[in-house]
Amino acid sequence: IKGLTIFYPEQSPDPEKVVAYPWTVRGEGDNINIEDVLMINPYKAVDFGTKPCGRHLVRNLFGSALKTGIFIDKCYDVGRLENIHFWPFWTEKMMKRTEKDATAFIFGRTDWEYVTGCFSIFYHVGIEFGDFGSGPGNVVMTNSGSDICDTAVLVNNVQGHAGAAFTNCQFMGTVKVSPTNDGPVKFVNCGFWGTGEYKTASAALLRGKGNTVFNACHFTNWDFAEIKAYAIDIDGGGLTVTGCDFMDKDKNHIKVGKNTDSAIITSNRFRGGEKVSVADGVEVQKGFNTNK
């Protein structure tokens, strides 16, 4: 489908009276494209997961999804998402609803999903990864981000051999890796900052079994909750932090819990002095960090 504007005239603009419509678009089969489409007020916008949709392409999709933006699963051959923007622009009244109970991007099983130029704002979860019955997936995301949300990235499951990789992305919310995840999660040249609306504590809460990498990233405005939270809080799996800038002075930087396998923390800037806490017995390699 190409060049469409889709609007539900009978959908209620009252956040308390929203009707749970079916998916606006559901795919079944390979080589399905959505291009240059505006979805003004879908409840759930695009379902490319209930049925297999290999080699799908979604490009230039803009929508004010009230519950779910796009769901990808059962994709066994390279899917592509390009220039997608989810924002509750239909009516500002919906922002509180989507911030409480909506997800912009959901990824299940997908073998090589290429995502670029994708964005969401005012959603409870910006980007979610999980296993919905067909196994987890692997995703390469560039030049994308989640803005003003409780959870910027939620990793419940990713493929153990490939995982999820983010390059040149920005996140205004918390990155959460669940204990159920055992795949790698990597952030390169990404920005992380908190939001006072959600009283953001840590920029990253890591509880999985896999390794999480932060390289050439910057962190600012965490611990809005003023609870002495650490920018990165890990208690499970492995951690590599290299070449990153922790910009806020007089805040805690990295906490390594007792369930962590090991950590590498090198060549970082810790403004105002390094504040790294390591539980007894955990192997941590540190060096070449600066306090200015």
Side-chain angles (χ1 to χ4, degrees), residues 1-2 4 6 20-37 39 42-63 65-86 101-120 123-142 144 146 151-166 169 176-186 208-210:
I1 61 174
K2 182 180 177 68
L4 299 181
I6 300 172
Y21 280 50
W23 292 96
T24 299
V25 174
R26 168 171 285 170
E28 181 177 1
D30 294 336
N31 308 311
I32 296 175
N33 291 6
I34 299 175
E35 296 190 62
D36 304 330
V37 170
M39 298 182 182
Y43 183 72
K44 297 187 292 185
V46 177
D47 174 15
F48 279 3
T50 299
K51 302 291 185 179
C53 293
R55 297 185 300 277
H56 58 256
L57 170 63
V58 182
R59 177 188 289 145
N60 299 340
L61 170 64
F62 307 96
L66 309 183
K67 177 64 176 180
T68 307
I70 187 165
F71 171 50
I72 304 294
D73 197 17
K74 301 182 182 68
C75 176
Y76 305 109
D77 189 5
V78 189
R80 290 148 295 156
L81 306 181
E82 303 174 3
N83 196 29
I84 299 172
H85 190 117
F86 289 118
D101 184 35
T103 302
F105 297 89
I106 303 177
F107 297 99
R109 173 67 182 271
T110 179
D111 295 339
W112 296 106
E113 187 81 23
Y114 292 115
V115 182
T116 185
C118 291
F119 176 83
S120 68
Y123 282 84
H124 182 65
V125 178
I127 306 160
E128 178 180 343
F129 300 87
D131 181 347
F132 303 99
S134 300
N138 71 80
V139 175
V140 178
M141 180 171 285
T142 60
S144 300
S146 304
T151 304
V153 179
L154 175 60
V155 181
N156 291 321
N157 305 95
V158 292
Q159 287 181 0
H161 66 281
F166 301 85
C169 294
K176 299 177 183 178
V177 178
S178 302
T180 51
N181 179 62
D182 59 8
V185 182
K186 295 168 282 186
K209 303 176 184 68

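- In this structure, the side chains of Asn33 and Lys2 stay at 4.5 Å or more apart for every pair of heavy atoms.
- Distance OG/Ser178 to CG/Asn157: 8.0 Å, rounded to 0.5 Å.
- Not counting sequence neighbours, Lys209 has no partner by the side-chain hydrogen bond (donor to acceptor under 3.5 Å, both in side chains) test.
- Residues satisfying the side-chain hydrogen bond (donor to acceptor under 3.5 Å, both in side chains) test with Asp30, not counting sequence neighbours, are Arg55.
- Taking every heavy atom of both residues into account, Pro184 and Gly160 meet most closely at CD-O, 3.3 Å.
- Evaluation of the side-chain contact (heavy atoms from CB on, under 4.5 Å) rule for Phe62 yields Leu38, Asn60, Asn83, His85 as partners, not counting sequence neighbours.
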Expected list for residues 126-137: side-chain donor-acceptor pairs under 3.5 angstrom, two or more places apart:
from: Asp131; atom 1: OD1; to: Gly133; atom 2: N; distance (Å): 2.9
from: Asp131; atom 1: OD1; to: Gly135; atom 2: N; distance (Å): 3.0

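- Under the side-chain hydrogen bond (donor to acceptor under 3.5 Å, both in side chains) criterion, Asp182 pairs with no residue at all, not counting sequence neighbours.
- In this structure, CZ on Phe86 lies 4.5 Å from CG on Leu61, to the nearest 0.5 angstrom.
- Partners of Lys67 by salt bridge (Lys or Arg N to Asp or Glu O under 4.0 Å), not counting sequence neighbours, listed by chain and number: Asp101.
- By the salt bridge (Lys or Arg N to Asp or Glu O under 4.0 Å) test, Lys176 pairs with Asp150, sequence neighbours left out.
- Here the CE-CZ distance, from Met141 to Phe105, works out to 6.5 Å after rounding to the nearest 0.5 Å.
- With Lys44 contributing its side chain and Pro22 its backbone, the two residues share no donor-acceptor pair below 3.5 Å.
- Trp23 CH2: more than 12 foreign heavy atoms inside a 6.0 Å radius.
- A donor-acceptor distance shorter than 3.5 angstrom exists from the side chain of Ser144 to the backbone of Gly117, with no hydrogens or angles considered.
- For the atom pair Thr24 OG1 and Leu4 CG, the distance stands at 11.5 Å (nearest 0.5 Å).
- Each of Val185, Val115, Thr142 was scored for a side chain to side chain contact (heavy atoms under 4.5 Å, CB included) with Phe166, with one residue passing: Val185.
- Atom-to-atom distance recorded for Asn181:CG and Asn156:CG is 8.0 Å, nearest 0.5 angstrom.
- Residues forming a side-chain contact (heavy atoms from CB on, under 4.5 Å) with Cys53 (at least two apart in sequence, or on another chain): Ile32, Phe48, His56.
- Taking Tyr123 as the reference, nothing meets the ring pair (Phe, Tyr, Trp, His ring centres under 6.0 Å) condition, with sequence neighbours excluded.
- Annotation: side-chain hydrogen bond (donor to acceptor under 3.5 Å, both in side chains) contacts of Thr68 (sequence neighbours excluded): none.
- Residues satisfying the ring pair (Phe, Tyr, Trp, His ring centres under 6.0 Å) test with Tyr114, not counting sequence neighbours, are none.
- Evaluation of the salt bridge (Lys or Arg N to Asp or Glu O under 4.0 Å) rule for Glu82 yields Arg59 as partners, not counting sequence neighbours.
- Atom-to-atom distance recorded for Glu113:CD and Asp111:CG is 10.0 Å, nearest 0.5 angstrom.
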